[in-house]
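Before any comments, here is the structure.
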Amino acid sequence: MKLQDYLDVSKLTKKNAQLELDELARQIENANSAYHAGDDPILTDAEFDAKKRRVKAIETKFPDLRGLFSPDFQVGAPAASGFGKIPHAVRMMSLGNAFEDRDVSDFVRSICKYLGLAGADDLSFTAEPKIDGLSLSLRYEHGTLIHAATRGDGSVGENVTANALTISDIPREIENAPEVLEVRGEVYMSHADFAALNIRQEKHGAKLFANPRNAAAGSLRQLDPDITRARPLHFFAYSWGQLSSPIAETQFDAIKRLERFGFATNPLTRQCGTVAELIAHYRSIEGQRASLGYDIDGVVYKVDRLDLQERLGFRSTTPRWAIAHKFPAELAWTRLEGIDIQVGRTGALSPVARLQPVTVGGVVVSNATLHNEDYIRGFDSKGTSIRGGKDIRVGDWVQIYRAGDVIPKVADVDLGRRSQNTVEYDFPTKCPVCGSPALRADGDAVRRCTGGLICDAQAVEKLRHFVSRAAFDIEGMGAKQVEQFHADGWIKEPSDIFTLEDRFGRGMQQLKNREGWGEKSAKALFEAISKKRRVELGKLVFALGIRNVGEVASRDLALHFKVWDRLVEIVDLALLAAIAYRKADDAATRERIAAVQGSRRARISEVRKSALAEADVPKASQAAWDELVELDGLGPVLALSLCDALSNCEERAAIDRLIAHLTILSPEDPVADSRVSGKTVVFTGTLVRLKRAEAKKQAESLGAKVAGTVSKKTDILIAGEDAGSKAAKAAELGVKIMNEDSWLELIERG
DNA sequence: CAGCCTCGAGTTCC
DNA sequence: CTCGAGGCTG
């Protein structure tokens, strides 16, 4: 039969299509396994390819059958990004790190503290090797794999289903599974397979991979699943995301359960009852490291009981109930050839070491961060020594390691090999880009360029921040593109992005004549820009790049103020109070310095208080300032940054020009209704049944705002034992006061 | 006010 | 990923 006829699906009924898809899936799967097992191929490449194309043809005709097994899953996915995006139903977190035994006992101690346990006797843990690969989340519904997603930024991953299906450790169907089961684990490549792959790559004149991790990552992120199939990848399951029903009561049993579902799990997973046992297992794994046949970079410890894991919950990016105990970093000596200065978005001058290239932990390193001038000098501003007080000089032999196996840093300097004619590094006091003075604020570790937006470096960095993933995230407009557009004078400030198409009228013409741009990509870019004219308030605030106002603070501001105009109104109003606060704070700082010199006791808060009282700030302004400062997580420093940014004429004008192009969306309240949603609560005194942090987390998950101090805006004060001044103030203000038990009762009923 | 815990800002290499 | 520093807790 001709291929063309084989791909003709016009006469196919939906019912037959379903049956045929299943059959094709089976055949392709079998061919796949045979391929993996090294058996004789069941299908020729052409046959294999034809079957895949028929699947695609059928799925195009019956889109609702699409998905389960499409060898090219992202039919119709945007071509620019390559892979479709998949939001994770449950965020994929990273892990906190321990480097020394001490950190492990600290970890256990903090868990006990959080749970209110006197000792670790009742706790037990699992310990397993930390595989050095890339994490993958597999979603099964009714026992069938429906997609596989990379970690991405933790919230949204990339759809690599087609590639995951070529990995023999990943079953397509599992039995007796909950309706929804997301299995998480690590994709990796063995040492042997890595070596063989590089030999093949070399033979074909292709690029060699630096290490198995990169090889595995490169292989999984192939647009053509056939290439992935030819790369021998493996998968260890160690965790899970969304579950329609629990699969076990402990971490260890859950791993066993994953095994029964047909997943490979790491054979060195153990249960440990004490810190000593954890460390012993760590040493044992460390001893076997070289003979495992795959890369690991540490050992992961997790609280075994899942109910406790749930109680412990998560910090912003890491779970409280797990930690990665890392192996010591690899070290390498090389020569420091020079020191360059980079200028960041906030004007920070950051020194970067230019090194004679050296291999550290499987990667060739030629740059390393030097942090700031104190780090180079070997002493911080308080006179505490860094690296034993050894300064770093151009020409020195320096020892390099990759902090957390990622960021290259200087660990040590070999003074014995320092040549006579080296000189101490002279940190610039002028911005190397714009020549403005670079000043170091009192007590600040960084020196900053004072040029503001005059400084090209700052302008570019601000633009890069504006288009970054957590901000406007414009597809086709990454760091490289804004840099280029800025260099051409096409984009000077964020608002220029939205006039790019108009301003150049024939912008399309101009753009598509430029190298790397065609008509299609230019059109796609303008479309992508247009799409972002509707923007969520929090993203907008973050994108502005106001100092000290990051992703979290922006989101909190958005949740509180809901609309842009309201936020601006309050910040504008707060300006007078902000000025008064700064003056009072400066006075307090001067007082402190004088007090330290005169060995008197400093009473900073009182100096500040009295200075503020004298300032006589208008009531409305003070109220606005208080509203900002009393927001949970915000304080005077952030509030000052906000006021500064919005009261600066040029900056404000640029912002106004920008928002003229935008439709600003109010944030959706992330929490469903509960009895306490929207209420502001304050905890005080000693809580008996819950620890403070736990109570706070729980209240927030129910939509309540947790504040630190009682004010008129407080709805409920939860008073534990020995509640003091806060309870008195609440009574004075007529705020509702509850004890811990009635609070718990209230939220449990809700 | 000291000691956490988080967040923000800066960084490298693929 | 790490450092420094802001903000909160006790």
Side-chain angles (χ1 to χ4, degrees), chain A residues 94-97 99 106 109-110 113-114 134 207-211 213-218 221 314-318 320 324 326 329 340 342-355 357 359-372 374-375 380-381 386 400-409 441 443-446 448 461 464-465 468 470 542 545-556 592 601-605 629-641 682-687 691-693 695-697 706-709 720 722 724 726:
Chain A
S94 44
L95 292 177
N97 291 319
F99 296 99
D106 282 352
R109 202 166 41 84
S110 83
K113 199 174 146 201
Y114 194 92
L134 57 152
K207 227 181 110 203
L208 297 190
F209 291 101
N211 53 54
R213 207 202 89 84
N214 288 349
R221 296 189 78 263
F314 298 88
R315 285 185 280 259
S316 64
T317 58
T318 60
R320 289 193 185 82
K326 296 295 202 72
D340 284 355
Q342 295 181 356
V343 183
R345 158 169 80 85
T346 60
L349 303 194
S350 311
V352 177
R354 303 298 173 203
L355 306 167
T359 303
V360 193
V363 176
V364 178
V365 166
S366 42
N367 301 307
T369 175
L370 292 171
H371 290 296
N372 52 51
D374 288 349
Y375 193 83
D380 73 9
S381 49
I386 304 167
I400 305 295
Y401 72 105
R402 297 205 306 148
D405 274 338
V406 181
I407 311 287
K409 293 184 59 170
D444 202 349
V446 284
R448 289 175 205 277
E461 293 302 314
R464 281 167 59 132
H465 172 81
S468 67
F542 176 62
I546 298 166
R547 182 126 93 92
N548 298 319
V549 181
E551 216 179 332
V552 175
S554 302
R555 196 194 54 214
D556 290 349
R592 175 168 51 189
R601 261 195 68 207
R603 288 183 305 180
I604 304 146
S605 49
V629 173
E630 274 166 27
L631 259 176
D632 197 29
L634 257 79
V637 174
L638 265 88
L640 278 172
S641 292
V682 175
F683 292 95
T684 188
T686 312
L687 302 179
K691 282 273 127 185
R692 176 72 62 112
K696 180 175 169 185
K697 186 185 71 190
V706 179
T709 52
D722 304 321
K726 280 188 205 169

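All heavy atoms count here, side chains included; hydrogens, waters and symmetry mates do not. Residue numbering restarts at 1 for every chain, and letters A, B, ... go by the order of the sequence lines.
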- Query: How long is the line joining CG of A/Asn214 and P of B/dC13, in whole Å?
  - Reply: 13 Å
- Task: Mind checking A/Ala210 for me? I need base, sugar-phosphate or nothing, with any heavy atom below 4.0 Å counting as a touch.
- Result: nothing
- Item | From A/Arg354 atom CZ to A/Asn367 atom CG, the distance as rounded to the nearest 0.5 Å | 4.5 Å
- Query: What integer distance in Å separates A/Tyr375:OH from C/dC1:P?
  - Reply: 18 Å
- Item | Side-chain N or O of A/Lys409 closer than 4.0 Å to phosphate OP1/OP2 of C/dC3 | yes
- Using a 4.0 Å heavy-atom cut-off across all strands, classify A/Phe99 as base, sugar-phosphate, or nothing. sugar-phosphate
- Item | Pairwise distance CD1(A/Ile386) to OH(A/Tyr375) - rounded to 0.5 angstrom | 7.5 Å
- Task: Examine B/dT6: is either OP1 or OP2 under 4.0 Å from a nitrogen or oxygen in the side chain of A/Arg320? Give yes or no.
- Result: yes
- Message: With nearest nucleotide decided by heavy atoms, which residue, A/Asn372 or A/Ile407, maps closer to the 5′ end of DNA chain C?
- Response: A/Ile407
- Task: Quickly work out the A/Phe542 CZ to B/dC7 P distance and round it to whole Å.
- Result: 13 Å
- Item | Given B/dC14, B/dC5, B/dT12, the nucleotide with the shortest approach to the side chain of A/Lys207 | B/dC14
- When rounded to the nearest 0.5 angstrom, what distance separates CG in A/Asn97 from NZ in A/Lys326? 4.5 Å
- Message: Measuring to OP1 and OP2 of B/dT12, would you say a side-chain N or O of A/Ser366 lies under 4.0 angstrom away?
- Response: no
- Does A/Gln342 make a side-chain N or O approach to OP1 or OP2 of B/dT11 shorter than 4.0 Å? yes
- Item | Nearest-neighbour nucleotide for the A/Asn97 side chain, B/dG8, B/dG10, C/dT2 considered | C/dT2
- Between OG1 on residue A/Thr359 and CG on residue A/Asn211, distance to nearest 0.5 Å: 11.0 Å
- Task: Scan A/Val446 against the nucleic acid and name what it touches under 4.0 Å (heavy atoms): base, sugar-phosphate only, or nothing.
- Result: nothing
- Task: Rounded off to whole Å, could you give me the NE2-to-P distance for the A/His465 and B/dG10 pair?
- Result: 10 Å
- Query: CG of A/Asp374 versus P of C/dG4: gap in Å, rounded?
  - Reply: 8 Å
- Task: Select one nucleotide: of B/dG10, B/dT12, B/dG8, the one nearest the side-chain heavy atoms of A/Arg448.
- Result: B/dG10
- Message: What's the closest nucleotide to the side chain of A/Leu638 if the choices are B/dG10, B/dT12, C/dG7?
- Response: C/dG7
- Answer with base, sugar-phosphate or nothing: what part of the nucleic acid does A/Arg547 contact at a heavy-atom distance below 4.0 Å? sugar-phosphate
- Task: Using a heavy-atom cut-off of under 4.0 Å over every strand shown, decide if A/Arg345 touches base, sugar-phosphate, or nothing.
- Result: sugar-phosphate
- Item | Spatial distance of atom CD1 (A/Ile400) from atom CG (A/Leu355) [nearest 0.5 Å] | 4.5 Å
- Item | DNA chain B: 5'-proximal contact among A/Val364 and A/Thr369 (nearest heavy atom) | A/Thr369
- Atom-to-atom span, CD1 of A/Ile386 to C1' of C/dT2 - whole angstrom: 13 Å
- Item | For the student: nearest non-hydrogen atoms of A/Val629 and A/Ala639, plus distance | CG2-CB, 4.1 Å
- Query: At under 4.0 Å between heavy atoms, what does A/Gly218 touch on the DNA or RNA strands: base, sugar-phosphate, or nothing?
  - Reply: nothing
- Calculate, to the nearest 0.5 Å, the distance between atoms CG and CG belonging to A/Leu640 and A/Leu638 respectively. 9.5 Å
- Query: If you look at every strand shown and take non-hydrogen atoms under 4.0 Å, does A/Ser94 touch a base, only sugar-phosphate, or nothing?
  - Reply: nothing
- Message: Measure CZ/A/Phe209 against P/B/dC14 and give the value in whole Å, please.
- Response: 13 Å
- Message: Tell me whether the side-chain N/O atoms of A/Asn548 come closer than 4.0 Å to OP1 or OP2 in C/dA5.
- Response: no
- A/His371 NE2 to B/dT12 P: how many Å, rounded? 11 Å
- Residue A/Val363, side-chain heavy atoms: nucleotide from B/dC14, B/dC5, B/dG8 that is nearest: B/dC14
- Item | A/Thr346 side-chain N/O to B/dG10 phosphate OP1/OP2 under 4.0 Å | yes
